[in-house]
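Have a look at the structure below before the remarks.
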Amino acid sequence: MSEKLTKLKYPPILKDFPHMIYGGDYNPDQWLDRPDILKEDDRLMELVHINSVTLNVFAWKALEPEEGVYTFEWLDETMDRMARNGKKVILATPSGARPAWLDRNHPEVLRMNADRTRNLHGGRHNHCYTSPYYRKKVWEMDQMLAKRYQNHPALGMWHISNEYGGECHCPLCQEAFRDWLREKYHNNIEELNHAWFTGFWSKRFSRFDEIESPAPQGEHAIHGLQLDWLRFVTYQTKNFMEQEIRAVKEITPDLLVTTNYMKYAGLNYWELSKSVDIVSWDSYPAWHETNRSDAKTAAETAFHHDMFRSMKKKPFLLMESTPSLVNWQHVNKLKRPGMNILSSIQAIAHGSDSVQYFQWRKGRGAEEKFHGAIIDHDGSEHTRVFQECKCLGEFLHKCDSLRGTNVYAKAAIIYDYENRWAIEDMNGLSQESKQYERTCIENYEALWQESIASDVIDMTQPLDNYQLVIAPMLYMLRGDIAKRMKQFVEQGGTLVTTYVTGYVDETDLCFLGGFPGNDLKQVIGVWEEEIDSLYPEDRNSFTWHNGDLPKKTYSVKDYCAIVHPLENTEVLACYDDDFYKGMPAVTKHPFGKGMAYHIAARTEVEFLRDFYKLLAKEISLESNFPFAEKLPDGISVQKREGDGEVYYFFMNFNSIEQSVLLKETIVLKDIESGEQLEGNKICLQPLQVRIFCSK
């Protein structure tokens with residue numbers, strides 16, 4: 001294991017702005033006919049303690065109403081207003097939605113669908129990333145923005161486009177895809193044929209120009225093709241984004257750039273993150289559902305916060321959230337009083353240096369007129385949502401000292417986009433219950449419930465700074481991940497793997513010699529012979545008989561792998577039913593200085609929580625707040641550190657009051673009240689968050 005990480009405090013994300021960022025999407029171009037509303041915006045922003053706005057996200061038409069005709073005056077005035085009011089601007093490049101004249105004059109910029117039909121004008125992200133003309137127009141617009149505002153005092157950073165997503169199958173993209181394949185496979189069609197196993201169903205290619213992207217009426221059964229197409233889509237999106245970054249960095253090299261991610265699996269965000277300075281994402285959980293608790297929603301949200309933080313291992317930005325409701329979920333539920341503050345501070349607890357909303361003011365019409373905003377259609381401060389946003393603004397003002405601190409985790413969950421693509425495309429298991437992301441989240445949740453900090457990484461990331469690495473359903477082993485997992489355990493790390501591990505390589509070819517392949521069997525200590533997919537109503541169980549826990553039976557659903565223990569492998573639990581009754585369900589295998597555990601079945605969450613609680617104790621994996629007695633369910637404690645400062649976030653995701661009892665006296669100061677903690681417990685009202693500092 002490597003030396004202890006230096007716990008740094010990072011510099012401000014916005015230029016010359018050492019504060020926690022509080023703001024959101026501001027669209028003055030929608031209100032140019034109402035100067036009274038723009039004036040009122042200034043008053044209300046001050047009242048609610050907004051200190052930053054994101055401008056220009058969808059404003060291309062307002063900047064260039066017809067090709068070559070420019071109207072920047074409204075943006076000049078807005079930038080000047082923000083500077084006068086002491087606010088910073090996150091300035092967006094407007095490539096995420098094009099004006100109609102561009103599609104009318106140059107229809108080749110419109111995307112083509114997988115069925116080879118061309119889109120009409122409309123929507124967002126309806127543009128071809130390969131189109132030379134579109135790239136030319138975007139470059140020109142981005143450079144004009146950078147040149148015009150490079151020295152403006154309000155300009156804090158760049159927001160590149162908006163929520164990249166989707167794919168284009170037009171002839172330009174087909175040729176770009178073939179060029180990408182030629183480079184990847186060294187212009188050797190036989191290398192590609194081998195990687196894609198095209199001998200099946202007589203699918204061998206003779207030339208690269210025979211290859212097309214997957215299509216519903218064409219080729220869609222070669223898994224290597226499907227994978228490489230998605231990799232190409234990420235590559236082409238990243239290439240387009242990098243052109244935008246070059247356009248602004250050429251003129252403003254000292255300003256940081258970001259682009260906002262989503263809960264979207266069509267792009268490998270780890271690849272995009274290599275090209276941005278700061279990771280940001282748009283978080284819209286569905287709180288207050290009837291079929292699951294807010295604590296489970298919080299755990300899933302925390303998983304994504306930690307994943308996006310882990311992409312740079314430093315503070316990220318919550319670029320979009322809603323102060324109340326959205327307009328696109330199945331049920332658009334209001335956030336209950338307290339939840340906006342709690343969920344916003346949760347993002348900060350997991351490493352965000354901002355709370356930002358979509359949107360500042362609700363629009364009068366179109367798609368998002370009923371999407372939540374700080375200012376409702378009544379236009380006043382006399383609403384519940386505004387007043388709660390004001391309270392949050394006051395709270396965040398007291399959090400400036402923790403800006404730049406970071407989360408330092410000794411546990412990691414491997415969640416890999418390319419692995420997800422491969423699992424979802426696989427013809428096997430149960431098509432309805434693969435649930436790779438859900439499985440990763442459930443393993444993460446077991447640590448979250450114990451307030452153990454976790455990174456969420458992909459399989460390209462270093463492992464050597466962790467005590468514990470959990471790799472659920474690592475079906476695909478790409479790159480040198482198997483070698484690094486072996487080294488991790490050999491050097492003293494603890495590894496947890498599950499069913500469906502090590503089936504295929506990065507081109508989706510099955511390993512020969514048994515699963516898990518690529519020499520992982522000797523590390524994990526089992527050979528998986530078969531896997532049984534259960535019907536939805538089927539259940540099995542296993543009984544845990546490890547001496548450190550009372551004998552206990554846990555339910556099993558969806559998948560039961562039939563594994564054989566290798567030499568020195570200890571069986572911790574066996575199946576209770578079916579023809580594989582008595583065979584291993586959970587195993588433990590020493591390897592080098594470390595230990596590998598294998599969970600062969602999909603278990604209930606209760607087992608994962610019991611298992612990881614025991615494992616954390618065995619390997620001395622400390623929680624974020626080891627001074628507490630057992631935490632009540634639904635209470636999460638997170639920690640940020642830097643330059644000797646330590647901040648503890650106590651969050652109650654329950655609808656009832658809870659208390660955290662302390663095992664020992666610790667000197668803590670409540671950063672909101674400024675008061676010293678007294679007594680042996682920390683009281684939390686329903687949906688309350690409290691932050692304490694210790695230096």
Side-chain angles (χ1 to χ4, degrees), residues 7 9-10 20-22 283 285 294-295 297-306 308-310 314-318 321 338-355 391-392 394-411 444-445 447-455 622-628 631-642 645-654 657-662 666-677 681-695:
K7 294 177 179 178
K9 193 167 186 180
Y10 288 86
M20 198 60 70
I21 300 165
Y22 188 43
S283 177
D294 282 337
T297 303
E300 180 176 328
T301 306
F303 173 89
H304 289 96
H305 286 322
D306 281 334
F308 292 122
R309 173 187 52 76
S310 299
K314 65 181 183 181
F316 66 96
L317 292 179
L318 178 62
S321 60
M339 182 51 81
N340 177 45
I341 293 176
L342 175 58
S343 60
S344 297
I345 298 298
Q346 184 194 24
I348 291 175
H350 287 269
S352 177
D353 269 2
S354 76
V355 172
C391 289
L392 177 56
E394 292 167 351
F395 192 179
L396 289 175
H397 181 69
K398 298 174 182 177
C399 295
D400 281 349
S401 62
L402 65 84
R403 183 218 52 77
T405 58
N406 199 14
V407 176
Y408 294 93
K410 301 303 291 182
Y444 170 93
E445 181 184 349
L447 297 182
W448 180 87
Q449 290 279 8
E450 298 300 320
S451 290
I452 294 172
S454 303
D455 287 344
E622 211 170 59
S623 76
N624 290 313
F625 195 72
F627 316 102
L631 293 173
D633 286 348
I635 298 292
S636 174
V637 183
Q638 299 299 317
K639 180 171 68 172
R640 288 183 64 164
E641 302 176 77
E645 301 172 9
V646 183
Y647 296 88
Y648 299 102
F649 297 75
F650 290 78
M651 293 169 282
N652 181 11
F653 290 97
N654 299 296
E657 181 180 341
Q658 296 278 17
S659 294
V660 176
L661 299 180
L662 306 183
I666 179 172
V667 178
L668 296 173
K669 185 177 76 173
D670 187 315
I671 71 167
E672 184 177 20
S673 68
E675 296 176 355
Q676 196 103 328
L677 176 66
K681 68 178 180 179
I682 295 172
C683 297
L684 297 164
Q685 297 301 312
L687 303 183
Q688 186 186 14
V689 57
R690 296 180 69 183
I691 307 174
F692 296 90
C693 65
S694 171
K695 294 187 180 181

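Along the sequence shown, the residues carry numbers beginning at 1.
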Does [X] have any side-chain contact (heavy atoms from CB on, under 4.5 Å) partners at least two apart in sequence or in another chain, and if so, which?
{"X": "Q676", "answer": "V667, K669"}
{"X": "T405", "answer": "K9, L402, R640, E645, Y647"}
{"X": "E394", "answer": "H49, K390"}
{"X": "K639", "answer": "N624, E641, V646, Y648"}

Using the ring-ring contact (aromatic ring centres under 6.0 Å, His included) criterion, which residues pair with [X]? Sequence neighbours excluded.
{"X": "F692", "result": "F650"}
{"X": "F303", "result": "Y415, Y444"}
{"X": "F627", "result": "F625"}

Check your understanding: Yes or no on side chain to side chain contact (heavy atoms under 4.5 Å, CB included) for V689 and F395, after CA distance, side-chain angles and deciding distance?
Key -> CA-CA 11 Å; V689 57; F395 192 179; 4.0 Å; yes
Got [X] and [Y] here, is their nearest side-chain heavy-atom distance under 4.5 Å?
{"X": "L392", "Y": "I345", "result": "yes"}
{"X": "D670", "Y": "L677", "result": "no"}
{"X": "L687", "Y": "I341", "result": "no"}
{"X": "C693", "Y": "L668", "result": "no"}
{"X": "L342", "Y": "M651", "result": "yes"}
{"X": "V637", "Y": "F649", "result": "no"}
{"X": "Q658", "Y": "D633", "result": "no"}

For [X] versus [Y], what's the shortest heavy-atom pair and its separation?
{"X": "I348", "Y": "S354", "result": "CG1-O, 4.2 Å"}
{"X": "R690", "Y": "C683", "result": "NH1-O, 3.2 Å"}
{"X": "P632", "Y": "S659", "result": "CG-O, 3.5 Å"}
{"X": "D306", "Y": "S310", "result": "O-OG, 2.6 Å"}
{"X": "A628", "Y": "V660", "result": "CB-CG1, 3.6 Å"}
{"X": "A453", "Y": "A409", "result": "O-CB, 3.5 Å"}

All side-chain hydrogen bond (donor to acceptor under 3.5 Å, both in side chains) counterparts of [X], not counting sequence neighbours:
{"X": "N654", "answer": "N652"}
{"X": "S343", "answer": "K335"}
{"X": "S283", "answer": "none"}

Check your understanding: Can you tell me if R309 uses its side chain to pair, donor with acceptor, with the backbone of H350 under 3.5 Å?
Key -> yes
Review point. Checking Q346 side chain against A298 main chain: does a donor-acceptor pair fall under 3.5 Å?
Key: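 Yes, Q346 side chain to A298 backbone: donor-acceptor pair under 3.5 Å.
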Exercise for review: Output, in order, the C-alpha distance, side-chain angles, deciding distance and verdict of side chain to side chain contact (heavy atoms under 4.5 Å, CB included) for M339 and D294.
Suggested key: CA-CA 10 Å; M339 182 51 81; D294 282 337; 3.7 Å; yes
How long is the straight-line distance from [atom2] of [Y] back to [atom1] of [X], given to the nearest 0.5 Å?
{"X": "S623", "Y": "L447", "atom1": "OG", "atom2": "CG", "result": "11.5 Å"}
{"X": "S352", "Y": "R403", "atom1": "OG", "atom2": "CZ", "result": "12.0 Å"}
{"X": "Y22", "Y": "S344", "atom1": "OH", "atom2": "OG", "result": "7.0 Å"}
{"X": "E445", "Y": "E300", "atom1": "CD", "atom2": "CD", "result": "9.0 Å"}

Review point. Do S636 and Q638 have side-chain N/O donor and acceptor atoms under 3.5 Å apart?
Key: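 Yes, a side-chain donor-acceptor pair sits under 3.5 Å.
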Check your understanding: How would you list, by chain and number, every residue that makes a salt bridge (charged side-chain N to carboxylate O under 4.0 Å, His left out) with E450, sequence neighbours excluded?
Key ->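 Counting only residues at least two positions away or on another chain, E450 forms a salt bridge (charged side-chain N to carboxylate O under 4.0 Å, His left out) with R609.
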Practice item. Under the salt bridge (charged side-chain N to carboxylate O under 4.0 Å, His left out) rule, collect the residues that match up with D400, sequence neighbours excluded. Key: none
**Study point:** Salt-bridge present (K410, D455; N to O < 4.0 Å)
**Key:** no
